[in-house]
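Worksheet for the structure shown next.
So that the names make sense, note that chain A is the first sequence line, chain B the second, and so on, each numbered from 1. Quick note: numbers below take in every heavy atom, side chains included, and nothing from hydrogens, waters or symmetry partners. All of these numbers come straight from a predicted model, not from anything done at the bench.
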Amino acid sequence: MTQTTDTNREGETLRLPGAAMTEPELDAWFVREVLPLEASLMQYLNRNWRDSSEVEDFRQDVYVKVYEAARREPPKSVRPFVFAIARNLLINKVKRSQIVPIETAVDLDALNIAADEPGAERSIIARDELRIVQSALERLPKRCREAVTLRKIDGLSTREIAVRMGISPRTVDAHLVEGYTHLADILYSHTDAMEKKA
Amino acid sequence: MQPKHHQSAAEIGNRAADWLVRRYDSEGWSEIDQVQLDSWLTEALAHKIAYLRVEAASKRADRLGALRRPATVRGRIIPALKAVAVAVAIVVVFGASLFAIRSGAPEKTYVTGVGGHETLTLRDGSRIELNTDTSLRIADSGAERVVSLDRGEAYFQIVHDAAHPFVVLAGDHRITDLGTKFLVRRNDDVLRVALLQGQAQFDTEDSRGRQQATLNPGDVVVATAMSLSIAQAPTQILDDQLGWRRGVLVFRHATLAEAAAEFNRYNLQKIVIADSHIARLNINGALRANDPQTFVRSMKMFFDIRAEVRSDAIILSR
């Protein structure tokens, strides 16, 4: 077989030079290159935006801009690209909100260098992946964790999980929705599910 | 561009997770659901990104299953007893042999030659695309639609009809569509099934007994006489595997030997690699399936190799 489904290889993008990415390529690129930067991006946004309740929306805006820009032209170096976009968004927001911008602007300039550091996130190797996901699972709220474990590890269907947990299939679904949402936050933002709930 | 600005990222994230659970975990995912999901995903880029993000997290969790139970088929396996009940409910009960085609149904055989590519449209609007060097038989008894893939590769886009199940037979294996697009490839003793859209049921029965799994989008089954595995493949890989529909072969980290074998499926002028070092070289890229000469020319550009071109073969050596 020429094609491989080896999950370790899904990280590679191989395009003929100059070609724009197709939509599926762009999606894969985003998951592979941008999502691993989320923890540092959130840190950056949290440090530079006083209202922490807005940071998640901010992240969304950054992602949309990153995706749109990459659609026009895929960046050579992803980390500086993402942080440049985050920085511009912060600056624009500061300008629009007309709150005293001085410290923030200074801070932004100082932080700009951080964008050029090689990403520690990328050094995570496959060997650690299972351990990381497993510890993320352990950090889920109890019922969520139970439903996700039965689903992902034991491979049970919603109906079977419902019987096992003594709840309705709809409640199983709700636990899974909550579980996956937390998993995404833990795996990418490195925020704790319990903290966020509080 | 972003019509749902009043929706917070948290709300969108929650909605995305909800779609994901409905699509992969809950029962009763229909074509209408798929259309609604597609429209939600295209409504705003933020929707799609939130979906990609939660889907990526969920897929990472899928790998835990592989860790715990490496020897068994993982995924949404229905325990054998229940599976029988489900099968009876949705699939016509077969006679003495589970995989026997019912006698009496008129049967037609369709064959493509090396390099061939043909599309069949069935009465119900279902489409079957035959790749190179493929042979399949279609029997439509009125009650059920049965296709036997005897050799080669075909892409199925099936119009679902619960009353008339669509079944693909390949050796000991059976795929029953539940409203689907899927790819089946059978060569030598390996069967590969990739599900692109919808849902299908995969059955296999051999001397060791019977196994059954429900396939969801992205699932790839690889079955040999000795093993059966189901794994999730990224969309990109699935797209690559369908390159032949556009006449293109896509290679990612393929060895030259693998690429040559792939080209040889499509062409009578065979690429022969006369050197084991060359056979192990790695290549990437997309190339026209019916043009082995361009492939060989680019190989010569990148690697220090020689090519002897004959009418029936191209021999590569150092």
- Please test Leu183(A) against Arg60(B) for side chain to side chain contact (heavy atoms under 4.5 Å, CB included), starting from the C-alpha separation and ending with a verdict. CA-CA 9 Å; Leu183(A) 269 185; Arg60(B) 285 174 71 180; over 6 Å; no
- Are any of the side-chain heavy atoms of Val31(A) and Glu55(B) separated by less than 4.5 Å? no
- For atom NZ of Lys65(A), decide whether the heavy atoms of other residues, nucleotides or ligands shown that lie under 6.0 angstrom number more than 12. no
- What pairs with Asp33(B) under side-chain contact (heavy atoms from CB on, under 4.5 Å), at least two apart in sequence or on another chain? Arg22(B), Trp29(B), Ser30(B), Gln36(B)
- Item | Arg245(B) atom CZ, over 12 foreign heavy atoms within 6.0 Å | yes
- Message: Within this structure, what is the NE2-CG distance for the pair His175(A) and Asp25(B), rounded to the nearest 0.5 Å?
- Response: 13.5 Å
- Task: Mind checking ring pair (Phe, Tyr, Trp, His ring centres under 6.0 Å) for Tyr188(A) and listing every partner two or more places apart, or none if nothing turns up?
- Result: none
- Compare every heavy atom of Tyr63(A) with every heavy atom of Ile49(B), then report the nearest pair and how far apart it is. CD1-O, 3.5 Å
- Message: Are the side chains of Ser58(B) and Lys152(A) in contact, using a 4.5 Å heavy-atom criterion?
- Response: yes
- Query: Where does Leu137(A) contact chain B at under 4.5 Å (heavy atoms): side chain, backbone, both or neither?
  - Reply: side chain
- Within a reach of under 6.0 Å around CZ of Arg164(A), are more than 12 heavy atoms found that belong to other residues, nucleotides or ligands? no
- Query: Do you know which of Gly13(B), Ala16(B), Ser26(B) has the most heavy-atom pairs with chain A at a distance under 4.5 angstrom?
  - Reply: Ser26(B)
- Message: Donor-acceptor check, side chain of Thr181(A) to backbone of Asn14(B), threshold 3.5 angstrom: yes or no?
- Response: no
- Engaged part of Leu52(B) at the chain A interface, taking heavy atoms whose separation is under 4.5 Å: both
- Can you say whether Ala261(B) sits under 4.5 Å from chain A via the side chain, the backbone, both, or neither, judging by heavy atoms? neither
- Item | Side-chain heavy atoms of Asp239(B) within contact of Glu25(A), under 4.5 Å | no
- Query: Would you call Arg151(A) and Asp62(B) a salt bridge, using N to O less than 4.0 angstrom?
  - Reply: no
- Of the backbone (N, CA, C, O) and the side chain (C-beta and beyond), which part of Asp18(B) lies under 4.5 Å from a heavy atom of chain A, both, or neither? both
- Tell me, for Arg59(A) versus chain B, whether the close heavy atoms (under 4.5 Å) come from the side chain, the backbone, both or neither. side chain
- Query: What pair of heavy atoms forms the shortest contact from Arg53(B) to Ala184(A), and how long is it?
  - Reply: NH2-O, 3.6 Å
